[in-house]
Amino acid sequence: MAILVPLLGYLIVDHYGKNVVPVPGYYIPERVDTIHENGKVSYDTVFHKIRDFHLTNQLGQQVSLKDMEGKVLLVDFFFTSCPSICPTLTKNLKKIQGAYVKNDSLLQILSFSVDPERDTVDKLRKYAYDYQVNPDNWWLLTGSKKEIYDLARNDFFVSVTKGDGGPDDFIHTEKLVLIDKNGNIRGYYNGLDSNAIKKVAGDIAILHLAKERHRPGFIAFLKKLFSGEK
């Protein structure tokens, strides 16, 4: 993973010149708007956007989407006492964070606890310490179970089961969700699969750069990005 970002930078520069970089698509269409302009009719698909939320991170800070403006988001759902998939999910997310350590302003990782009543700020802080999570761009989140489960089902769409966030409700998933700077879902990935981890690491860079390619100095911008310059 250490060589992923420099190599990715080279590939993006090379492929952007050939106009063949596959940009991640949009997920969850909500409606189609009809647009009348200059006597012509066109149609525009409006895709789902993640709604704002207010939760608490491992530092005890109240955070919301407004605190992450301008960043690409990578989301997972976990709990600190999980003995099965969560340790692997966290280790793989740590690899992605490491790949962007010199460009941490581009990416925000969000790990929502699905056991928020037990996952207090103190437990999240210890978990973050044990896995060496850098809080600069990775927040472990706790708060209202109903809010977190509603987000999981109706905003991030990581569970098809029905539930109300009550005491007997439980969500457990290996999915990672990629969100662009505008709050649109741009990808789902198996967080336990090494190839999927490499793909999402690349897609993060592509999403960040997609709107930059026609700007003056784009190649210089790319080189600066992947060299780690601020």
Side-chain angles (χ1 to χ4, degrees), residues 1-5 8 50 53 55-63 65 67-68 71-145 147-149 151-153 155-159 165 169-179 185-205 207:
M1 184 64 73
I3 64 171
L4 175 61
V5 174
L8 183 63
I50 304 301
F53 56 81
L55 295 170
T56 304
N57 68 15
Q58 73 268 33
L59 302 178
Q61 300 167 332
Q62 296 292 310
V63 298
L65 280 181
D67 299 308
M68 296 165 267
K71 287 189 175 185
V72 172
L73 309 180
L74 186 60
V75 171
D76 82 317
F77 292 83
F78 85 115
F79 59 110
T80 62
S81 59
C82 170
S84 54
I85 67 173
C86 299
T88 302
L89 278 173
T90 302
K91 289 175 183 176
N92 284 339
L93 285 171
K94 178 65 179 174
K95 292 178 183 177
I96 293 174
Q97 186 181 48
Y100 284 86
V101 66
K102 294 182 179 179
N103 298 286
D104 59 11
S105 63
L106 311 183
L107 171 68
Q108 183 74 38
I109 301 174
L110 300 176
S111 294
F112 292 82
S113 172
V114 296
D115 188 15
E117 293 176 355
R118 293 184 180 88
D119 282 343
T120 62
V121 169
D122 286 343
K123 283 192 175 180
L124 293 182
R125 186 183 296 114
K126 183 181 184 306
Y127 188 90
Y129 177 82
D130 290 342
Y131 284 91
Q132 298 183 326
V133 168
N134 183 347
D136 289 347
N137 69 333
W138 187 351
W139 290 338
L140 314 182
L141 300 174
T142 189
S144 162
K145 182 178 179 181
E147 180 176 8
I148 291 172
Y149 276 52
L151 286 166
R153 288 191 170 99
D155 275 271
F156 295 105
F157 301 100
V158 296
S159 176
D169 194 6
F170 188 65
I171 292 175
H172 204 204
T173 177
E174 75 286 353
K175 291 180 182 177
L176 304 179
V177 189
L178 183 61
I179 312 295
I185 297 174
R186 302 298 291 271
Y188 290 93
Y189 308 81
N190 183 340
L192 307 178
D193 181 81
S194 58
N195 289 326
I197 294 303
K198 292 178 182 178
K199 180 167 178 20
V200 69
D203 285 349
I204 290 164
L207 283 184

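Everything numeric here is computed off the predicted structure, so don't read it as measured data.
- Taking 4.0 Å as the cut-off between side-chain N and carboxylate O, K123 and D115 do not count as a salt-bridged pair.
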Please report the C-alpha distance between W138 and T90 in whole Å, then the side-chain angles of each, then the deciding distance to 0.1 Å, and finally whether the side chain to side chain contact (heavy atoms under 4.5 Å, CB included) criterion is met. CA-CA 11 Å; W138 187 351; T90 302; 3.9 Å; yes

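- Using modelled atom types, one finds no donor on one side chain facing an acceptor on the other under 3.5 Å when comparing Y127 with S111.
- Atom CE of M68 sits about 11.0 Å away from atom CD1 of I50, to the nearest 0.5 Å.
- Between V158 and K175, the closest heavy-atom pair is O-NZ, 3.9 Å.
- When L55, V63, L73 are each tested for a side-chain contact (heavy atoms from CB on, under 4.5 Å) with L110, only one passes: L73.
- Of all non-hydrogen atoms in S144 and P116, the two that sit nearest each other are C-CG, 4.5 Å.
- Y100 places no side-chain N or O within donor-acceptor distance of the main-chain N or O of Q108, the cut-off being under 3.5 Å.
- With a 4.5 Å cut-off on side-chain heavy atoms, I96 and N92 do not count as touching.
- Checking side-chain atoms of Q97 against main-chain N and O of N134 turns up a donor-acceptor pair under 3.5 Å.
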Might you work through the side chain to side chain contact (heavy atoms under 4.5 Å, CB included) test for F53 and E147, ending with a clear yes or no? CA-CA 8 Å; F53 56 81; E147 180 176 8; 3.4 Å; yes

Mind running side chain to side chain contact (heavy atoms under 4.5 Å, CB included) on V72 and L178 for me, showing each step along the way? CA-CA 7 Å; V72 172; L178 183 61; 3.5 Å; yes

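- A distance-only check finds a donor-acceptor pair linking the side chain of K145 to the backbone of D169 [under 3.5 Å].
- At distances below 3.5 Å, not a single donor-acceptor pair connects side-chain atoms of D155 with backbone N or O atoms of L151.
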Distance-only donor-acceptor hits, side chain of residues 80-87, under 3.5 Å, sequence neighbours excluded:
| unit_1 | atom_1 | unit_2 | atom_2 | d |
| --- | --- | --- | --- | --- |
| T80 | OG1 | D119 | OD1 | 2.4 |

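- Aromatic ring pairs are classed by plane angle as parallel below 30°, tilted from 30° to 60° and perpendicular above 60°; the pair F112 and F77 is parallel.
- Taking CG of L107 as the reference point, atom CG of L74 lies at 6.5 Å (rounded to 0.5 Å).
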Test side chain to side chain contact (heavy atoms under 4.5 Å, CB included) on Y131 and L93 and set out the steps. CA-CA 10 Å; Y131 284 91; L93 285 171; over 6 Å; no

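- When all heavy atoms of Q58 and V133 are compared, the closest pair comes out as NE2-CG1, 4.0 Å.
- Interatomic distance, Y188 OH to E174 CD, rounded to the nearest 0.5 Å: 12.5 Å.
- A heavy-atom distance below 4.5 Å is found between the side chains of F156 and I179.
- Within the 4.5 Å cutoff, no side-chain heavy atoms of D203 are placed close to those of R186.
- Considering all non-hydrogen atoms of both residues, V114 and I171 come closest at CG2-O, 3.4 Å.
- Expressed to the nearest 0.5 Å, how far CZ of F78 lies from NE2 of H172 amounts to 11.0 Å.
- When the side-chain hydrogen bond (donor to acceptor under 3.5 Å, both in side chains) test is applied to K126, the partners found at least two apart in sequence or on another chain are D130.
- L106 has its side chain out of reach of I204: every pair of non-hydrogen atoms, C-beta onward, lies at least 4.5 Å apart.
- Shown here are the side-chain hydrogen bond (donor to acceptor under 3.5 Å, both in side chains) partners of Q62, two or more places apart in sequence or in another chain: T56.
- In this structure, CD1 in I197 is found 14.5 Å from NZ in K94, a value given to the nearest 0.5 Å.
- Considering CG of L176 and CG of L89, their distance stands at 6.0 Å, rounded to 0.5 Å.
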